[in-house]
Protein chains: 2
Amino acid sequence: MSSAPLTRKEQIDQVATSLFKSRGFAATTMRDLALELGIEAGSLYSHIKSKEDILQRVCFKMADEFNAAFNEVKGQNVPAGEKLRLAVAAHVRVLTKNPPAAGVFLNEWRHLSEPSLSKFHDMRYQYEESLRQIVRDGIASGEFKVTDEKFVVLTLLSSLNWLHMWYKPEGKMSPDEIAEFLSNLLLNGLKNF
Amino acid sequence: MSSAPLTRKEQIDQVATSLFKSRGFAATTMRDLALELGIEAGSLYSHIKSKEDILQRVCFKMADEFNAAFNEVKGQNVPAGEKLRLAVAAHVRVLTKNPPAAGVFLNEWRHLSEPSLSKFHDMRYQYEESLRQIVRDGIASGEFKVTDEKFVVLTLLSSLNWLHMWYKPEGKMSPDEIAEFLSNLLLNGLKNF
DNA sequence: TACGTTTACGAACGCCCGTTAGCAAATTTT
DNA sequence: AAAATTTGCTAACGGGCGTTCGTAAACGTA
């Protein structure tokens, strides 16, 4: 359970991520960040290219993790309901593994500049589209009674993506239990939970 | 259907709200705002006290609207499921009546400074607590099978509060239809919609 | 016509921002 | 031990920020 030794650059990314999440990207200054690390602001530039450089690294690293987790689900040959359950679990697992990075990924991506911003948009669209496909399959097979798969996926992601706001690793529910709870709630509803 | 003539101050609030929502509070400059209004930055201060002054007005005005809409639901003597349905409808109605203001209320409140920030936190806690009470009543009466009312309310609000991100007044669904869709999804689930 | 109010201008203020440059320790590699 | 690399400092840059100030048109009202 020992953590690998972080390079200075990784330390910077990590501390910046936590500041970006709690104060926002725009409201976090390089001097704040340096102070947190016990060095001077100018010293940061021995390790990083720019402030946005950090943001890009965090955002695309998280995007990769979401995709990797989801790709393991995609291939499986199971009913839509079960596949959605697995997708939710994968999503929750990534979200809870690194809540600060998840927060930056979800809320601060809009401070990316082009062409990173467009690339980010594209990746997110693909991810959502894959989820919509699962819901469409469930509708086609009669498993889901709903008709508007866009609306369903938006609601699904919305309810998942606030998790990082209140999730605490030391809380009483594990990521898997959270995933199960959310799956049940969304698939069966409050009345038939 | 004619709109009342806006005072200059109300115009400023309105334009600022839309900028705060699309660019964020911190990334919106007074010079941006002035440009949008066709005046100089200094001229703004003939009408407003400060940049945060605008933010406060938007946030607390929205908070009042949420409370007002919810208070009409609170008093009604109906089963928990029905009451939750009404609360969702009320919430959606406020959310969709002014999406930019809703966006600022939901995402930019953290740029409030004390004591406004604490006041805001308190109001939101009260709102959430009222929702939790409905869920608790539903659990006590056996109407809801779930056990963790905190989790339920967090998920409920999460799925509602992203509405402003994609809702367009000219879209094919009315606020009431959206409310009904969301209520069904949350109460009955994807499988029994 | 005179007067108070509303609305706006344009310049400037003090401050903070991201970033750069040149230099010097410290650390690692050879 | 020498060389190369990593890490950090101090000082400063150009620029943008929210805001203030004194002034002046424009406007509604008497």
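What you see is a predicted model; the values in this text were computed from it and never measured. Naming convention: chains lettered A, B, ... in sequence-line order (proteins, then strands); numbering from 1 in each chain.
In terms of phosphate contacts, H47(A) brings a side-chain nitrogen or oxygen within less than 4.0 Å of OP1 or OP2 of dT7(D). The phosphate of dT19(C) has OP1 or OP2 within less than 4.0 Å of a side-chain N or O from Y45(A).
Closest approach to the E40(B) side chain among dT19(D), dA8(C), dC9(C) is made by dC9(C) (side chain taken as heavy atoms from C-beta onward). The side chain of K51(A) sits closest to dT19(C) out of dC9(C), dC9(D), dT19(C). The side chain of I39(B) sits closest to dA8(C) out of dA8(C), dT19(D), dT19(C).
Note that R132(A) lies outside the cation-pi zone of F144(A), set by a 6.0 Å cut-off to the ring centre and a 45° limit from the axis.
Comparing I48(B) and S46(A) by the nucleotide of DNA chain D that holds the closest heavy atom to each, the one mapping nearer the 5' end is S46(A).
Distance, L35(A) CG to dC17(C) P: 12 Å, rounded to whole Å. Straight-line distance from the CG atom of D53(B) to the P atom of dT20(D): 11 Å, rounded to whole Å. Nucleotide dT6(D) holds its C1' atom 15 Å from the CG atom of L44(A), rounded to whole Å. If you measure from atom CD of E52(A) to atom P of dC17(C), you get 18 Å, rounded to the nearest angstrom. Between the CG atom of L6(A) and the P atom of dT7(D) there is a distance of 12 Å, given to the nearest Å. The distance between atom CD of Q11(A) and atom P of dT6(D), rounded to the nearest whole Å, is 16 Å. Following rounding to the nearest Å, L55(A) (CG) and dG18(C) (P) show an atom-to-atom distance of 13 Å. Per the geometry, CD1 belonging to I54(A) stands 13 Å off C1' belonging to dT19(C), to the nearest Å.
Residues of residues 26-34 of chain B that place a heavy atom closer than 4.0 Å to DNA chain D, in numerical order, are T28(B), T29(B), M30(B), R31(B).
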### Task
Start with the C-alpha gap between Q14(B) and E10(B), add the side-chain angles, then the distance that decides, and say whether side chain to side chain donor-acceptor pair (under 3.5 Å) holds.
CA-CA 6 Å; Q14(B) 187 177 306; E10(B) 288 165 337; over 6 Å; no
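A donor-acceptor contact closer than 3.5 angstrom links the side chains of Q133(B) and D137(B).
Contact check for L156(A) versus L190(B): no side-chain heavy atoms found under the 4.5 Å cut-off.
Less than 6.0 angstrom separates the ring centroid of H91(B) from the ring centroid of F66(B). Taking the ring centroids of F105(A) and F120(A), they lie under the 6.0 Å cut-off.
Of the charged side-chain nitrogens involved, at least one lies within less than 4.0 Å of a carboxylate oxygen, so that D53(B) and R57(B) count as a salt-bridged pair.
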